[in-house]
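Worksheet for the structure shown next.
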There are 2 protein chains.
Amino acid sequence: MSGPETRTARAEATRAAIVDAALRMFREQGYEATTMRAIAREAGVATGNAYYYFSSKEDLIQEFYTRNHAAHLAASRPVLDTETGLAARLRGVLRALVDINEPYHEFAAKLYSRAAEPSSPLSPFSPESSPTRDAAIALYAEVIEGAHLRVPAAVRQRLPELLWLYSMGIVLFWVYDQSPGTERTYRLIDSTVPLAVRLIRLSRLRALGSVTRQVIAIVDDVRG
Amino acid sequence: MSGPETRTARAEATRAAIVDAALRMFREQGYEATTMRAIAREAGVATGNAYYYFSSKEDLIQEFYTRNHAAHLAASRPVLDTETGLAARLRGVLRALVDINEPYHEFAAKLYSRAAEPSSPLSPFSPESSPTRDAAIALYAEVIEGAHLRVPAAVRQRLPELLWLYSMGIVLFWVYDQSPGTERTYRLIDSTVPLAVRLIRLSRLRALGSVTRQVIAIVDDVRG
DNA sequence: AGGCAGACTTGAACGTGTTCAATAAATGCC
DNA sequence: GGCATTTATTGAACACGTTCAAGTCTGCCT
């Protein structure tokens, strides 16, 4: 009657219980107010047991990252499958990003501020975040691919990463946005997306060729 | 022989001792490694006494902000008093900012990440930071005033704040910069300043008038 | 079956930031 | 000078994140 459950599967269940409890409590009462003791109690395990699966309280956030990106991907699918204009695709993906983060607005504030610390494994530039980051950049590559876009190859090549950075900027703004329903963030997306698209298209202009080259040189230098 | 020292002056001395100990230890051994107990011991007071002057460990950082801006102002003075070109003035002020922060590079990482939290009083957008922020923006206003610059009034009016934002971006990059002597940050300044100046000048072009107007509209909307 | 190795679990203990009731020192008032 | 009030200081106590030596369980080998 012990069931077909392997030991690993049992452990996996414990792990999942901890994550579920943690993310729910983070959402409902905030990051600081949620204690590791409470998470463990809620998950039905001993306090110290959580540290067998997660090296720290912050480490639980990586799990949020992962689930978050999956949700973003799913929410972006409709737009990516139907829209063909760059502006529409970009706008849709960015709005989806804000949409799925909505329930975590307050929590995300703490989250992204912790993540801002360079030495933190939560930093979007850290090696630990590399899978999530690459996945996100790939999403913006798909945004571009699905659109008919004529730009210099040098621009096109760096565009996914630049759009990802742009999305990080939007998120940063969203974190600070206290307007009802974070409407200002939506407005920021709606107003900056056409501008961004326009700037991208301008990169073809002869007259701005040197500016474009300069921008590209800086981007390349910055990436080390 | 008790001296002319007033009570307030005595308290002020205690306060200063705490700040001195804190900033020195932050610089020497990092933020986390420096305990409130150690700060108090070093300052020659009881642990709890530090909380009479500072509501939290983070609150000690505001003091860093204040001293930091004063140092930046002083370091910028030579450039502001001699240079007349916008690029040279801007470049000098930004390099000065990096210069004076150098000893605190590691500490600043933690600092600015804490500051990134919107609800934190350390946030550069918080009411508590308003004096420091306004002072910083005023500095960039002086950068502009001292230069001969012909741009639309609408642009000029928003320029100090935009340059301040630009400087925050530089600082953000610097925080992440692990290159020796943070040379990449200096390079970023040197390469983006001419670009920024160029873009500012471009705002006069008829052909880009609508882009300029769009940017201004967004900026105004965002400031809400 | 018996027991072994490793995966998993426990809860007490440590050091931390922070609070607070109690105390001392300094000041104002007569 | 002596009392009352405000300012300043103390250190023990609290809850937290985290660690760890000790325990329990599970699948496997003989």
Ion pair check, A:R24 and A:E28, cut-off under 4.0 Å: yes
B:F64 and its ring-ring contact (aromatic ring centres under 6.0 Å, His included) partner, picked from B:F54, B:F26, B:F107: B:F107
Spacing between A:D59 atom CG and D:dT19 atom P, to the nearest angstrom: 11 Å
Check: B:R37 side chain, C:dG17 base, donor-acceptor under 3.5 Å: yes
Backbone of A:W174 reached by a side-chain donor or acceptor of A:H105 within 3.5 Å: yes
Between C:dG11 (P) and A:Y52 (OH): distance, integer Å: 17 Å
Basic-acidic side-chain contact under 4.0 Å: A:E32, A:K57: no
Within 6.0 Å of CD in B:E142, more than 12 heavy atoms from elsewhere: yes
Touch class at under 4.0 angstrom, heavy-atom based, for A:F54 against every strand present: nothing
A:E32 CD to C:dT16 C1', straight-line distance once rounded to whole Å: 14 Å
Atom-pair distance (CE on A:M36; C1' on D:dT18), nearest Å: 8 Å
N/O (side chain, A:Y53) to phosphate O (OP1/OP2, C:dT9) under 4.0 Å: yes
B:I39 CD1 to D:dT10 C1', straight-line distance once rounded to whole Å: 18 Å
Rounded distance in Å - CZ (A:R41) to C1' (D:dA15): 12 Å
Whole-Å distance separating the NZ atom of B:K57 from the P atom of C:dT19: 14 Å
B:T34 or A:A46, whichever maps to the more 5' nucleotide of DNA chain C: A:A46
Residue mapping more 5' on DNA chain D - nearest nucleotide basis, B:T47 or A:T35: B:T47
Side chains of A:T185 and A:D177, donor plus acceptor under 3.5 Å: yes
Nucleic acid contacts of residues 14-29 of chain A, taken as heavy-atom distances under 4.0 Å to DNA chain C: A:T14
Contacts of type side-chain hydrogen bond (donor to acceptor under 3.5 Å, both in side chains), residue A:T34, not counting sequence neighbours: none
d(CG, B:N49; C1', C:dA22) in whole Å: 14 Å
